[in-house]
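Notes to accompany the following structure.
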Amino acid sequence: DTAVSQTPKYLVTQMGNDKSIKCEQNLGHDTMYWYKQDSKKFLKIMFSYNNKELIINETVPNRFSPKSPDKAHLNLHINSLELGDSAVYFCASSLAPGGSYEQYFGPGTRLTVT
Amino acid sequence: AQSVTQLGSHVSVSEGALVLLRCNYSSSVPPYLFWYVQYPNQGLQLLLKYTTGATLVKGINGFEAEFKKSETSFHLTKPSAHMSDAAEYFCAVSYNNNDMRFGAGTRLTVKP
């Protein structure tokens, strides 16, 4: 009965490939996020969607494109993968954007680019 | 720019000892404050949060944190560490916009 789920959990691929990570939440939340966690555990927000609309788009390469088909899903597509994209990517959701609303995190997807 | 600083990237305590993880924020407007824990190979889980009201907030697993406006701090404490507390801890701040900002994290090691 997972609240926020991500697939796949591990993703190993070669430079130049295109890959997608899927995220689903069953909490009925309106807002979803993508974070990148580097090897030093630093957590950086990439995107935020509220009711399927983009509300935060941090400075990330345009090779990264989020897609939200509905409120419960926020997928991340990455084109032309580079070595520096290797990281753990977390999806999260919250009832509403910002403020006092805590975020619920998925288990993460460990992306390794070789 | 609003930011959050966690003093000490690594804290080591003995089992049964006091745990103190430090967090300071920098803004003129008090934010909403959160502590999250990340166990190895897992996502982040909320430990506790401060929004309004009582400045001493109790969370899960015996943790608590106190909001001190005069010190712009929100330090996390636990009276007696357990081996199972070993994890990465993140302080986070949020305002009435769409942004939550995380500190760099503090890795807690508990020695037997």
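So that the names make sense, note that chain A is the first sequence line, chain B the second, and so on, each numbered from 1. When reading the values below, keep in mind they use all heavy atoms of this one structure, side chains included, and skip hydrogens, waters and symmetry mates.
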Which atom of [X] lies closest to which atom of [Y], heavy atoms considered:
X	Y	answer
A/Q37	B/F90	NE2-CZ, 3.4 Å
A/F105	B/L44	CB-O, 3.4 Å
A/G99	B/S94	O-OG, 2.9 Å
A/K9	B/N41	NZ-O, 3.7 Å

Q. How long is the gap from OG1 on B/T51 to CD on A/E102, to the nearest 0.5 Å?
A.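 Result: 9.5 Å between the selected atoms.
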
Q | Nearest-0.5 Å distance, CZ of residue B/R101 to NZ of residue A/K44 | A |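 One gets 7.0 Å once the value is rounded to the nearest 0.5 Å.
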
Q. Which region of B/L46, side chain (C-beta onward) or backbone (N, CA, C, O), has a non-hydrogen atom less than 4.5 Å from a non-hydrogen atom of chain A, or is it both or neither?
A.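 Contact with chain A is through the side chain of B/L46 alone.
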
Q. Tell me, side chain or backbone of B/Q38 under 4.5 Å from chain A's heavy atoms, or both, or neither?
A.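 The side chain, not the backbone.
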
Joint hydrophobic cluster, [X] plus [Y], side-chain heavy atoms closer than 4.5 Å:
X	Y	value
B/L20	B/F63	no
A/Y33	A/I21	no
A/V60	A/V113	yes
A/V12	A/Y10	no
B/F34	B/L56	no

Q. Side chain, backbone, both or neither: which part of A/Q6 has a heavy atom under 4.5 Å from chain B?
A.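 Neither the backbone nor the side chain of A/Q6 comes within 4.5 Å of chain B.
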
**Q.** Residue part contacting chain B, namely of A/Y104, when any heavy atom lies under 4.5 Å
**A.**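 No part of A/Y104 comes within 4.5 Å of chain B.
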
Q. Does OH in A/Y101 sit with more than 12 non-hydrogen atoms of other residues, nucleotides or ligands closer than 6.0 Å?
A.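 No.
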
Q. Does NZ in A/K22 sit with more than 12 non-hydrogen atoms of other residues, nucleotides or ligands closer than 6.0 Å?
A.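 Counting other residues, nucleotides and ligands, NZ of A/K22 stays at 12 neighbours or fewer.
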
Q: Taking only Lys NZ, Arg NE, NH1 and NH2, and the carboxylate oxygens of Asp or Glu, determine whether B/E88 and A/K41 approach each other closer than 4.0 Å.
A: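 The answer is no: the pair does not qualify as a salt bridge.
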
Q: Give every residue pair that meets the ring-ring contact (aromatic ring centres under 6.0 Å, His included) criterion with at least one member in residues 43-91 of chain A, sequence neighbours excluded.
A: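 As it turns out, there is no ring-ring contact (aromatic ring centres under 6.0 Å, His included) pair with a partner in residues 43-91 of chain A once direct neighbours are skipped.
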
